[in-house]
Amino acid sequence: MKFGILVNEGPYNHQASDTAYQFTKAALENGHEIFRVFFYYDGVNNATSLGQPPSDDRNVTKNWQKLAEDHKVDLVVCVAAGLRRGIVDGNLAPGFRISGLGQLIEAGIQADRVVAFGD
Amino acid sequence: MKFGILVNEGPYNHQASDTAYQFTKAALENGHEIFRVFFYYDGVNNATSLGQPPSDDRNVTKNWQKLAEDHKVDLVVCVAAGLRRGIVDGNLAPGFRISGLGQLIEAGIQADRVVAFGD
Amino acid sequence: MDEMESGVVKKFMFINRKPPHGTVYALEVLEMVLISAAFDQDVHLAFIDDGVYQIKKGQAPAEIGCKNFSPTYRALDGYDIEKLYVEAEGLAERGLTEDDLLVPVEVLSRAELGKLMGEMDVILTA
Amino acid sequence: MDEMESGVVKKFMFINRKPPHGTVYALEVLEMVLISAAFDQDVHLAFIDDGVYQIKKGQAPAEIGCKNFSPTYRALDGYDIEKLYVEAEGLAERGLTEDDLLVPVEVLSRAELGKLMGEMDVILTA
Amino acid sequence: MTMLHTVNKSPFERNNLDSCLGHAQPGDAILLIEDAVYAAMGGTNIAGKIADAAKTFRLHVLGPDLKARGCDPANLVAGVTVVDYGGFVELAAQNKAVNAWL
Amino acid sequence: MTMLHTVNKSPFERNNLDSCLGHAQPGDAILLIEDAVYAAMGGTNIAGKIADAAKTFRLHVLGPDLKARGCDPANLVAGVTVVDYGGFVELAAQNKAVNAWL
């Protein structure tokens with residue numbers, strides 16, 4: 001089954017991004033396909049290349065990057081939401097790409113299920 | 001009277017930062033002193049130099065910067081909260097400075113009132 | 001965008017549960033809704049709980065420094081987005097009536113809206 | 001830090017209203033509390049509403065990928081932070097008792113805590 | 001000495017206002033800001049509770065936030081006073097401390 | 001076809017769970033995650049409401065979130081089932097659509 005994932009909140013402040021990551025990982029482990037993970041609202045902050053969480057805590061951005069590397073998961077940051085909040089080409093972490101909100105609607109059309117995580 | 005201001009949320013997603021700005025401006029206009037504005041939790045995201053909100057919307061970061069310029073308001077970003085979220089020297093907007101959480105406690109001690117804005 | 005010609009038409013519902021201005025959700029949901037129009041999907045908007053405040057008449061956020069995006073709801077029919085639903089219970093709890101709303105809507109009971117939600121293919125709530 | 005020797009001692013209260021793990025507030029409040037200890041202030045911690053869950057025994061967030069910071073509450077007395085208050089009503093509504101808590105606290109009624117809040121100089125709630 | 005309490009969330013969505021009302025001391029000032037201003041409006045299913053609260057506390061609401069949301073100040077619960085940002089500042093100055101019910 | 005509803009906020013703080021219960025259709029699946037897992041615990045002042053809901057809906061709770069919060073699965077309201085992240089995925093797959101009550 002093909003899943004689209006929507007992440008509405010930034011890392012650390014809310015668990016939303018962590019739960020979305022665990023869901024995505026479990027879906028892949030169960031043999032499902034991830035059509036796309038779309039980062040909207042404050043969710044765009046997951047894609048910063050500049051975060052340095054304490055060494056005894058998880059690194060949310062790295063978690064997403066590893067999924068992209070290992071499973072070619074498409075990680076898309078909303079361009080408009082990102083511009084508003086300062087997530088742009090200059091500080092975009094490798095593994096993420098910036099595109100339009102249409103990519104979320106497309107995920108809604110193409111994926112069998114859309115699962116959203118937020119506040 | 002001396003005010004300390006605490007901003008807990010980032011720009012745009014929550015009104016907290018806008019209300020904190022309006023409060024700070026009104027306090028200065030009424031002849032009060034702003035001891036410090038401290039940005040904690042997601043509030044550190046107010047200090048990004050990379051945000052480009054739509055031209056028909058307000059620019060929250062610029063609002064803060066103008067207060068710093070016009071009234072020498074001390075805008076302090078928590079170093080640990082900023083590191084976690086990717087607000088660091090490289091993308092810190094002019095007018096803000098990065099320092100420790102002790103600066104918030106100091107504001108609590110030195111200011112007559114601490115007013116917090118958040119989610 | 002070849003998905004725009006894919007021919008697949010799904011029932012999308014955007015459920016608005018939050019008041020405007022205190023958070024950005026109302027505004028950014030509206031941006032999603034406008035984009036969805038370009039994909040020729042069967043788009044539904046529901047205003048429940050505090051979401052009913054999003055379409056209250058007379059909003060004027062200039063003094064809080066924010067943009068007044070509420071007129072955009074009136075422009076939705078120009079994008080062929082005409083399925084707007086408001087929950088009767090949500091209005092009543094808040095002392096509001098249809099006359100307080102800035103755009104024509106269909107008022108449904110919570111039970112009716114719940115049933116309609118059950119018919120959707122994609123639901124995005126904020 | 002000369003403020004550490006300023007001699008001013010204020011009554012600080014950190015009011016915790018949110019559960020742990022779902023948001024970062026509990027963890028980052030704890031960081032504030034630890035720093036405040038260095039300034040020799042009269043520090044009070046209150047756990048009310050869902051904040052009582054912060055000091056529930058047995059927390060083990062490894063599977064959700066998060067750090068277990070709950071043992072830190074037990075370390076607070078090493079920083080001379082010993083004024084910990086829990087609201088009785090908050091415990092009761094959630095079916096909890098003092099035995100469920102991982103750290104010694106004083107249980108106060110809502111009325112008593114409200115009165116104590118009124119005596120503070122600086123209150124930071126999250 | 002009295003305190004100023006601020007509440008910024010809708011009373012229909014969250015428990016912030018209830019918690020504030022349960023802890024504030026008689027005579028304290030309470031200021032409704034941001035999405036909490038809806039609590040001050042007449043005709044809602046909590047208007048009676050707010051009218052009662054206005055007898056125990058000095059209850060204020062932030063005018064710019066009312067206006068932003070299209071809420072008519074003529075339709076406020078009896079006993080609630082409108083202030084602007086300058087009034088917010090003076091409330092903070094006149095009371096001993098500010099407790100933001102986040 | 002049934003839906004999967006997810007709720008992630010504490011029922012003591014916000015109205016998300018109430019709104020979900022008011023709109024979900026009989027037979028729908030509801031999964032409590034993150035701070036909503038507290039709703040599944042026995043002994044709270046809402047446990048009766050949750051036990052009733054478990055008769056109308058297929059009520060599930062996310063195990064890793066229970067464990068994170070020190071909530072004992074032995075003390076759940078009757079009728080609530082624990083699932084892990086893989087179980088969450090399969091619930092999403094088995095139902096027609098997922099409605100996250102944010």
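Convention: sequence-line order gives letters A, B, ...; per-chain numbering from 1.
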Note: C:Ile64 and B:Asp18 closest approach over all heavy atoms is O-CB, 4.2 Å
Exceeds 12 heavy-atom contacts within 6.0 angstrom, atom NZ of B:Lys2: yes
B:Arg58 and C:Cys66: which non-hydrogen atoms are nearest, and at how many Å? CZ-SG, 3.6 Å
Tell me whether the count of non-hydrogen atoms from other residues, nucleotides or ligands lying under 6.0 Å of NZ in C:Lys57 goes above 12. yes
Check against side-chain contact (heavy atoms from CB on, under 4.5 Å), B:Asp56 and C:Lys67: CA-CA 7 Å; B:Asp56 61 348; C:Lys67 177 169 140 178; 3.1 Å; yes
Of all heavy-atom pairs linking B:Gln22 and C:Glu63, the shortest is NE2-O, 3.7 Å
Pairwise distance CG(C:Leu27) to CG(B:Asp57) - rounded to 0.5 angstrom: 7.0 Å
With a 6.0 Å cut-off (strictly less than), is the heavy-atom count around NZ of C:Lys83, excluding the residue itself, greater than 12? yes
Can you tell if the side chain of B:Asn13 reaches within under 4.5 Å of the side chain of C:Tyr25, non-hydrogen atoms only? yes
